[in-house]
Amino acid sequence: MTKLELLPAVDVRDGQAVRLVHGESGTETSYGSPLEAALAWQRAGAEWLHLVDLDAAFGTGDNRELIAEVTKAMDIKVELSGGIRDDASLAAALATGCTRVNLGTAALETPEWVAKVIAEHGDKIAVGLDVRGTTLRGRGWTRDGGDLYETLARLDSEGCARYVVTDIAKDGTLQGPNLDLLRNVCARTDRPVVASGGVSSLDDLRAIAGLVPQGVEGAIVGKALYAKAFTLEEALAAVS
Ligand SMILES: O=C(O)c1ccccc1N[C@@H]1O[C@H](COP(=O)(O)O)[C@@H](O)[C@H]1O
């Protein structure tokens, strides 16, 4: 059986690796140097890094140079997120050598542009479906952006290669993933899904791995690793 990919997360705010609760600005816990965190996940055996520019996502500036430095230092695949909303920010993101980018707000606010870049860049583009219930949220998860399943159908029809599905209510809470949401999304698309939000234990990862046959390809792990609920080595062994 295909194994679940694990994507340890490094979210960057004001030059520091941080974790948020429910993605809310002001709830940051700081974990120091983003480069050191990323190198630690790479040394532990990660095949992917999920790297987020939170300032760009919130519209409070950006960490573009640092994000490029971290991406270039990696020998592993990198998924870049946060503030990629137009030609300039997409070009800067792709120029880092990342494996793919993850678009959030743009998919809600500038759908024509997103359709264009999906057509141009294929599987280098993923779309982040960040939801409260079944309502999408953009602009640092502060604004409603439409219905999850209507947007999913539109993006599918435009050829979107992959979705990163985040339950905002679970994100950063260590309360376990929303397996029903993942099942429901997988039932409505044949594209691979990366699960995000709530992972708290190796059993959570095993539960997500149980959805690989339905279309879940990977899981982003953040707070649980930083809080040392388990090690990345243990997580990789649990899903291999
Ligand atoms: O990852 C987070 O904790 C997070 C919190 C608040 C906003 C965004 C967050 N993360 C990533 O940013 C993209 C969205 O960025 P944008 O809307 O394209 O600028 C989202 O998909 C998450 O991957």
Side-chain angles (χ1 to χ4, degrees), residues 7-14 16-31 34 37 48-64 67 71 78-94 98-111 113-114 117-118 124-132 135-146 148 151-152 155 160 162-175 177 181 185 193-199 218-227:
L7 297 86
V10 175
D11 288 15
V12 183
R13 185 118 211 231
D14 203 14
Q16 297 291 297
V18 300
R19 301 310 305 162
L20 306 180
V21 180
H22 302 310
E24 282 172 20
S25 189
T27 63
E28 290 89 342
T29 304
S30 183
Y31 294 95
W48 276 98
L49 177 70
H50 177 74
L51 182 58
V52 182
D53 188 339
L54 282 178
D55 285 299
F58 284 116
T60 53
D62 67 70
N63 300 276
R64 203 176 267 184
I67 293 278
T71 305
V78 177
E79 174 176 86
L80 277 190
S81 260
I84 305 168
R85 300 180 186 174
D86 56 23
D87 286 331
S89 50
L90 176 62
L94 293 175
C98 69
T99 306
R100 67 176 180 242
V101 300
N102 184 39
L103 309 179
T105 300
L108 313 178
E109 296 188 357
T110 52
W113 180 76
V114 170
V117 300
I118 285 171
K124 289 190 91 65
I125 307 283
V127 168
L129 300 170
D130 306 323
V131 292
R132 276 198 178 276
T135 301
L136 290 156
R137 302 279 283 176
R139 301 228 164 230
W141 299 350
T142 60
R143 285 199 213 159
D144 284 353
L148 167 62
T151 304
L152 179 62
L155 289 162
C160 185
R162 173 176 284 97
Y163 303 102
V164 179
V165 176
T166 303
D167 183 350
I168 295 170
K170 297 280 193 176
D171 202 59
T173 66
L174 298 174
Q175 286 177 353
L181 172 68
V185 171
V193 167
V194 177
S196 176
V199 169
I220 293 170
V221 192
K223 187 73 168 275
L225 289 175
Y226 290 90

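Numbering of ligands and ligand atoms starts at 1, following listing order. Basis for what follows: all heavy atoms, side chains included, without hydrogens, waters or symmetry-related copies.
With sequence neighbours excluded, no residue forms a salt bridge (Lys or Arg N to Asp or Glu O under 4.0 Å) with R132. Listed by chain and number, the residues in a side-chain contact (heavy atoms from CB on, under 4.5 Å) with T99 are W48, K77 (sequence neighbours excluded).
Distances shorter than 4.0 angstrom occur between a heavy atom of G140 and an atom of ligand 1.
Looking at ligand 1, you'll find an N or O of G83 within less than 3.5 Å of one of its N or O atoms. The shortest N/O to N/O separation between W141 and ligand 1 does not fall below 3.5 Å. Close N/O approach between N102 and ligand 1 is found [any backbone or side-chain N/O within under 3.5 Å].
With 3.5 Å as the limit, one finds a donor-acceptor pair spanning the side chains of W113 and D87. Judged by distance alone, the side chains of R13 and T60 do bring a donor and an acceptor atom under 3.5 Å apart.
Of all the heavy atoms of D130, the ones lying under 4.0 Å from any atom of ligand 1 belong exclusively to the side chain. Residue contacts with ligand 1 for D11 involve side-chain atoms from C-beta outward but no N, CA, C or O (heavy atoms, distance under 4.0 Å). The side chain of V52, and not its backbone, has at least one atom closer than 4.0 Å to an atom of ligand 1 (non-hydrogen atoms only; side chain from C-beta on).
H22 places a side-chain N or O within donor-acceptor distance of the main-chain N or O of I168, the cut-off being under 3.5 Å. Here the side chain of D55 pairs a donor or acceptor atom with the backbone of D14 at under 3.5 angstrom. Here the side chain of K170 pairs no donor or acceptor atom with the backbone of G198 at under 3.5 angstrom. Side-chain atoms of Y226 come within 3.5 Å of backbone N or O of A9 as a donor-acceptor pair.
If you number the atoms of ligand 1 from 1 as listed, the ones under 4.0 Å from a heavy atom of L54 come out as 2 (C), 4 (C), 5 (C), 9 (C). Under a 4.0 Å criterion applied to the non-hydrogen atoms of F58, ligand 1 contributes the atoms 6 (C). For ligand 1, the atoms closer than 4.0 angstrom to any heavy atom of D171 are 3 (O).
For the residues G82, G59, S81, the heavy atom positioned nearest atom 15 (O) of ligand 1 is part of G82. Comparing heavy-atom distances from atom 18 (O) of ligand 1 across G23, A57, G104 singles out G104 as nearest.
With hydrogens left out, the protein atom closest to atom 17 (O) of ligand 1 is T105 OG1, 2.4 Å, a heavy atom.
Between L7 and V221 there is no side-chain heavy-atom pair separated by less than 4.5 Å.
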